[in-house]
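Within every chain, numbering begins at 1; the chains are lettered A, B, ... in the order of the sequence lines, protein sequences first and strands thereafter. Computed from heavy atoms alone, side chains included, the values below leave out hydrogens, waters and symmetry copies.
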Protein chains: 2
Amino acid sequence: MKVLSKGSVYALRALTYVVAHKGDIGYVSIGELSRSLDISFHFLTKIFQQLTQAGILESYRGPNGGIKLARPPHEIKVIEIVDVLEGPEFFNTCLLGLPGCGEFDPCPVHDFWAKAKEALRREFELTTLAELGTKVSDERLRIKP
Amino acid sequence: MKVLSKGSVYALRALTYVVAHKGDIGYVSIGELSRSLDISFHFLTKIFQQLTQAGILESYRGPNGGIKLARPPHEIKVIEIVDVLEGPEFFNTCLLGLPGCGEFDPCPVHDFWAKAKEALRREFELTTLAELGTKVSDERLRIKP
DNA sequence: TTGGTTTAAGACCTTCAAGTCTCAAAAAAC
DNA sequence: GTTTTTTGAGACTTGAAGGTCTTAAACCAA
């Protein structure tokens, strides 16, 4: 069951790593993140470009350049990242793939699925990068394969 | 957010249609289902072949042939169909795509995601084709695009 | 037994997310 | 200035899911 695209997954892992290991000081190079987390450098670059254009990250070119969070980690919600990388239709899907499925023209599993989607959206809304980072650094939870 | 493959989605829609419109008597041809639900005939055939081999459907060739449920619709759970078409790893995935993520080596969102997956599994476990069919025929819920 | 109707099986094609590659642009160090 | 290091941008390739096509096999009916 694949819910998030690779782009979202890589972004969340990489930014959690930044928060957990880099203390939010200065720029972190994409090359280092790519090596540390075993994620394709060019692919990661493309993902970060989207997040930079969306204002979630700031980037800097040249020696000692890289990316950093545009705001403190406790202000950046997981859902912001998901919104950018998955697009606005992410929480607007029907489990049976029926176009136009909704409150007034539902499929047979609409009610259940609407609740399940809302629970996921809420989780993404309530979770910040700071929390992910804290979990990883304090409790030594996994972030690498 | 795509959770189920097209195969599962088409199977659920087609079998719900059978239960709702065909009264569970005799064989229903794949051609009719394909036309009624606007699903590729050959693709639907391949999906039903898997369900037939798994013992969920029975098929019959020749004139007036087709497929039918191997058991009464109230005995066939949605999860049986999902298990066949999605494979055994469907409910065993990590939201962050980390291999080996589990109770003793969790990713930062493991706890939440384990509960969400369990809720979905339970829903699929409790829902039968009979219920889907009833919803469609009684409440005129949508099953076609 | 011939021909029409249907599923079975597998080869083949298409599409798109995922991943790679190349060159340009910005910044720093020399 | 020139070189090195880094991100930016876009073309290109790959792999897997989705979809199509062809032939075989089973079945019925005239």
May I ask you to decide whether A:Arg71 forms a salt bridge with A:Glu80, counting only side-chain N to carboxylate O separations under 4.0 Å?
->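 A:Glu80 and A:Arg71: salt-bridged.
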Are [X] and [N] close enough that a side-chain N or O sits under 4.0 Å from OP1 or OP2?
X: B:Tyr10; N: D:dG19; answer: yes
X: B:Lys68; N: C:dT7; answer: no
X: A:Tyr60; N: C:dA28; answer: yes
X: B:Ser59; N: C:dA8; answer: yes
X: B:Gln53; N: C:dA8; answer: no

From CG (B:Asp83) to CZ (B:Arg121), nearest 0.5 Å =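 Rounded to the nearest 0.5 Å, the CG-CZ separation comes out at 9.0 Å.
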CZ (A:Arg122) with more than 12 external heavy atoms under 6.0 Å |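 Not more than 12 within 6.0 Å, no.
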Has B:Glu103 got more than 12 heavy atoms of other residues, nucleotides or ligands less than 6.0 Å from its CD?
->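 Not buried by this count: 12 neighbours or fewer within 6.0 Å.
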May I ask you to check whether B:Thr128 and B:Glu75 show a side-chain donor-acceptor distance below 3.5 Å?
-> no
Side-chain donor or acceptor of A:Arg61 under 3.5 Å from a matching atom on the base of D:dT7?
-> yes
Residues in contact with DNA chain C, drawn from residues 38-48 of chain B - heavy-atom cutoff 4.0 Å |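 Of all residues in residues 38-48 of chain B, the ones placing a heavy atom under 4.0 Å from DNA chain C are B:Phe41, B:Lys46.
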How many whole angstroms separate atom [atom1] of [X] from atom [atom2] of [N]?
X: A:Lys6; N: D:dA16; atom1: NZ; atom2: P; value: 11 Å
X: A:Arg13; N: C:dA18; atom1: CZ; atom2: P; value: 13 Å
X: B:Glu86; N: D:dA16; atom1: CD; atom2: P; value: 17 Å
X: A:Leu51; N: D:dG8; atom1: CG; atom2: C1'; value: 14 Å
X: B:Glu32; N: C:dT5; atom1: CD; atom2: P; value: 16 Å
X: A:Gln49; N: C:dA24; atom1: CD; atom2: C1'; value: 12 Å
X: A:Ile30; N: D:dT5; atom1: CD1; atom2: C1'; value: 13 Å

Mark yes or no: A:Lys117 above the aromatic ring of A:Phe91, with NZ or CZ under 6.0 Å from the six-membered ring centre and no more than 45 degrees from the axis.
-> no
Quick one: label A:Gln50 by what it contacts on the DNA or RNA (base, sugar-phosphate, nothing), any heavy atom closer than 4.0 Å.
-> nothing
Which residue, B:Thr134, B:Val136, B:Leu141, forms the side-chain contact (heavy atoms from CB on, under 4.5 Å) with B:Thr16?
->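 The passing option is B:Val136.
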